[in-house]
There are 2 protein chains.
Amino acid sequence: MSMRRAERLNRLQSTLDAGGYLRLKDAAHLLGVSEMTVRRDIASCGGRFAYLGGYIAGGPESAGGMGYILDRERDAHIEMKRAACDAAATLLKPGETVFIDCGTTTTHLASRIPAESRITVVCYAMNIAEIVCRKPGVRVVMLGGLYHASSASFSSPESLEMLRGIGINTAFISAGGVHESLGISCSNFHEVEIKQTAIANAVTKALVVDSSKFGQVKPAFFAKLDSFDFLCCDDGLESARAERLAAAGVHVVPA
Amino acid sequence: MSMRRAERLNRLQSTLDAGGYLRLKDAAHLLGVSEMTVRRDIASCGGRFAYLGGYIAGGPESAGGMGYILDRERDAHIEMKRAACDAAATLLKPGETVFIDCGTTTTHLASRIPAESRITVVCYAMNIAEIVCRKPGVRVVMLGGLYHASSASFSSPESLEMLRGIGINTAFISAGGVHESLGISCSNFHEVEIKQTAIANAVTKALVVDSSKFGQVKPAFFAKLDSFDFLCCDDGLESARAERLAAAGVHVVPA
DNA sequence: GTTGCGATGTTAACATCCTAACATTTTCTG
DNA sequence: CAGAAAATGTTAGGATGTTAACATCGCAAC
C-alpha cells in the first residue's frame, strides 16, 4: 500500500473516530481525491471501516471492542434478553440510583432508561456507558480501572472503594450461569468483587438473565439465588423452577 | 404515534444500542413489518436514528453525548487538530505508558496509536476510551467517576488516587487556551486536578493544541507553559512565538 | 355492521450508489 | 529521459435505495 493511501486512511480514521459518519463525497472532498479512490482505499483495508450505502462509518467492532462476541450472541438470545430487560425496566423509578452490570444483556436495560428520568446510573462497562452517557437527563458514575476486553468492563481497587461509597436503590446484576444449588456465576473473575459490592450496597437486588442461563455454570461464582429480591427473565422459565424460586423468596418479575 | 410504532422503535433502539448497524431489510424482518413501515417509523422520530443508504445506525449523537459541540468544532479546526496530533504521535513509543487528556483534539492522537503497539493508555474521557478500547494490542486504564457531558469526561477523588499510582512515560495534555504570561487553561474546573496530577506523574510532558488556541484564555488555569517539554502544534505558529517558547525550554515538535 | 381514519403494504418512477472497464496521471527504476 | 507499473480519474451500465402515490387492512366509534 502506498504512503499516500496509508495517510488518507489515517485521516479518514481520525475523522471517523471522532464520531459520526461521512458521506462518500464529503470524504472524497476532504481527502482531495475522487470518490472512486476513496472506495478503493476502503476496499484495500477490508474491515477497518464499515461501508454502508454512500456513507462511511467507523469499524464494525464498535461497543468497546467486543464486537465479535456481541455479534455471535446477538443472533442467539437477543429476543430473550430484551424480554428480560423489559421486566427489569419496570423496576426503574425516576430520581433513583441504579447499578447496571456489564454484559450483553444489560445494554437493553440501559437503552430502556428514559432520557429525562433523572436517574443516576452506576456502571463499569464501556457498552453500558456508551448508551447512558448520551442521555442528557441521566447522571452517570463510571467505575474505572484496567480494561478487560472480554466483557468490555473495567476493574480496580479504587473503583471498588468508590462503589462502597455509593448508595444504590436497585442493583441490576447479570450472570453467565444460574444454578439453583451451586449459585450464580460469570465468566470473568474481576467482576466478582464488583458484583458482590454492588449487591451489598443495594436496597433492592435484581438478577437480570434470560432463561437460557438456567442450569449453566461459569468459572466465577459470585452469589446465591436467595441473595436477590427479583428475577427479571423472559417467559421461558419453567413453572416448576419459578415455584422453587418463589419459595426461596425471589420474586419473578413478569416480562 | 401508535403503541406498536413506539414499541418497534424501542426494539430498534435496543438492538442498535448494542452496537453496529442494521440492514433496512433485516430490521423489517426483525420487526415483522415491511421495509416501508420501518422507513416511516424512523422518519417519524427524526434524529433518533441515523439513516444511511439502506442501513440504520444509532443516533447521530455518538462520542459520549457531546455530539453537538463536536460537530461545531469539527468544521472549525479539524485539520489543525489533526496536524497537532501528527506531531504528538511522533512521541509515541511501543511499550510505553501514556496519558491522553480529554477534548476533541486528543481523539486524533488516540486513533493514531497503532493497534499492536503494546502501549498502555491512561484516559478519563469517553471519546478517548471508545477509540483505544477497540485496539486489541493497547492496554487501557480508565479513570472513572462522575460524568461531565461538556467534555465527555469523568472525575472523582478515587480516580485521582489511582492516577497517583500510575507511572507515565508521556502525558499528552490538551487545552482550551494558551497564554504566554497568564498560563494554560481549560473550560472545566474538574479537569484541573487530573491534568496537574498527570503532569506531575509524567517523565515527559507534551502540550497538544492547535495554533488557534494561542492568546486564548478559558476559566480554569492548570499550568504554565514552561511546565511542558514539548509543544505539539500545527504549523500555524508564529515564528516569534516559537522562539519565545524555545527560550522557555519548550521544544516545538514539527508537524 | 359500517363507516372513517390511521396504519401498513404495494407498486412504479426516480435518484443514487456500485462495479468494472478503460483512460490518464504519477511515480519509480534503469 | 524512457518505459513500466502503480495509482488515480472517468465513464457507463446494472444494481440498489428512495420517494410518492395509491391500495388494502385493522380497529374503533357510532
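The figures that follow rest on heavy atoms only: side chains count, while hydrogens, waters and symmetry mates do not. Proteins get letters first, then strands, A, B, ... in listed order; numbering begins at 1 in each.
Pairs of residues two or more places apart, or lying in two chains, that qualify as side chain to side chain donor-acceptor pair (under 3.5 Å) and include a residue from residues 113-123 of chain A are Thr120(A)-Arg139(A).
Residue Arg8(B) places no side-chain N or O under 4.0 Å from the OP1 or OP2 atom of dA7(C). OP1 or OP2 of dG9(C) has at least one side-chain nitrogen or oxygen of Ser34(B) nearer than 4.0 Å.
In the helix from dG1(C)-dC30(D) to dG30(C)-dC1(D), the rotation axis of the first five pairs and that of the last five pairs differ in direction by 30°, rounded to 10 degrees.
Atom P of nucleotide dG9(D) and atom CG of Leu31(A) are separated by 10 Å, given to the nearest angstrom. When the C1' atom of dT8(D) is taken as reference, atom NE2 of His29(A) falls 17 Å away, rounded to whole Å. Put simply, CD1 on Ile56(B) is 10 Å from P on dT18(D), counting in whole angstrom units.
With salt bridges taken as basic N to acidic carboxylate O contacts below 4.0 Å, none links Asp210(A) and Lys81(A). Salt bridge annotation for Glu35(B)-Arg23(B): absent, with no cationic side-chain nitrogen under 4.0 angstrom from a carboxylate oxygen.
The aromatic rings of Phe99(A) and Tyr124(A) lie parallel to each other, their planes meeting at an angle below 30°, with 60° marking the opposite boundary.
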Base versus backbone protein contacts along nucleotides 14-29 of chain C [heavy-atom cut-off under 4.0 Å; B, S, -]
---SBBB-----SS--
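Residue-environment remark: NZ (Lys25(B)) stays at or below the threshold of 12 foreign heavy atoms within 6.0 Å.
In terms of the side-chain hydrogen bond (donor to acceptor under 3.5 Å, both in side chains) criterion, Thr204(A) has no residue partners (sequence neighbours excluded). For Phe172(B), there are no ring pair (Phe, Tyr, Trp, His ring centres under 6.0 Å) partners at least two apart in sequence or on another chain. Checked against ring pair (Phe, Tyr, Trp, His ring centres under 6.0 Å), Phe214(A) has no partners two or more places apart in sequence or in another chain.
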